[in-house]
Amino acid sequence: YIFHRRFTFADAKQVGVAVYANKVEDIQAIRRKVGLFPDFIHMDVVDETFRPGTETPNTHRIEVAHAYWPEKQLHAHLMTRRPSRYFEWVLPFADVIIVHVESDENLEEVFQKIRGAGKRVGLCVTMATPLEQVKPLAARIDLLMLLAIARPGHSGQEMELSVVERVAEIQHWHERKHFE
């Protein structure tokens with residue numbers, strides 16, 4: 001079945017479950033509800049540099065999520081302008097580290113640290129940031145994530161439909177072959 005699924009549905013999209021590292025969500029209850037259904041677990045780590053007034057992220061929750069889904073790929077989405085300050089807690093447990101193009105750190109150095117730890121590099125861009133800032137980095141990433149909301153770090157927002165135009169533009173990039 002796994003062989004059949006992998007090749008028959010090669011173009012199928014993956015489904016992930018998002019969990020905030022900042023909030024007191026019951027990760028055990030989430031695991032009971034979704035079981036092994038998701039293809040990956042997405043952990044959002046939001047700090048005050050990205051959303052002023054936010055509580056300090058509970059970085060140990062990444063380890064907890066890893067313990068509940070050890071067989072699943074774990075994506076750590078670092079919604080911060082200083083991603084390397086979380087590497088100590090994230091690198092041992094996450095498979096993909098997603099940082100923001102809006103980072104204050106040198107992204108080439110950040111990518112090197114992530115790759116040096118044997119992890120995949122993800123890059124995220126907000127709706128407010130022009131895609132031209134992403135394109136020079138596109139050949140050096142494994143995954144590109146578009147935040148399709150107006151206010152990053154805030155739950156419950158509706159998707160901005162203009163993200164569809166952004167996806168269409170990215171699909172035409174020559175660099176597109178380098179990332180998911």
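Position 1 is the first residue of the sequence; numbering continues from there. Worth saying up front: this structure is predicted, and the values here are computed from it rather than measured.
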Pairs satisfying ring-ring contact (aromatic ring centres under 6.0 Å, His included), at least one member in residues 109-137, at least two apart: none
Contacts of S84 that satisfy side-chain contact (heavy atoms from CB on, under 4.5 Å) - sequence neighbours left out: F87, E105, K113
Sequence-distant partners of E169, side-chain contact (heavy atoms from CB on, under 4.5 Å), two or more places apart: L131, E132, W173
Between [Y] and [X], is there a side-chain heavy-atom distance shorter than 4.5 Å?
X: F179; Y: V134; answer: no
X: T80; Y: V46; answer: no
X: T49; Y: R85; answer: yes
X: M127; Y: V163; answer: yes
X: L147; Y: H100; answer: yes

H42 and H75 aromatic ring geometry - parallel, tilted or perpendicular at 30°/60° bounds: perpendicular
Parallel, tilted or perpendicular: rings of W89 and Y86 (30°, 60°): tilted
Set of salt bridge (charged side-chain N to carboxylate O under 4.0 Å, His left out) partners for D142, sequence neighbours left out: R115
Residue pairs passing the salt bridge (charged side-chain N to carboxylate O under 4.0 Å, His left out) test where at least one lies in residues 171-180, sequence neighbours excluded: R120-E180
Would you tabulate the side-chain donor-acceptor contacts of residues 65-72 under 3.5 Å, counting partners in other chains and residues two or more places apart, or write 'none'?
from, atom 1, to, atom 2, distance (Å)
W69, NE1, G35, O, 2.9
K72, NZ, L36, O, 3.0
K72, NZ, P38, O, 3.1

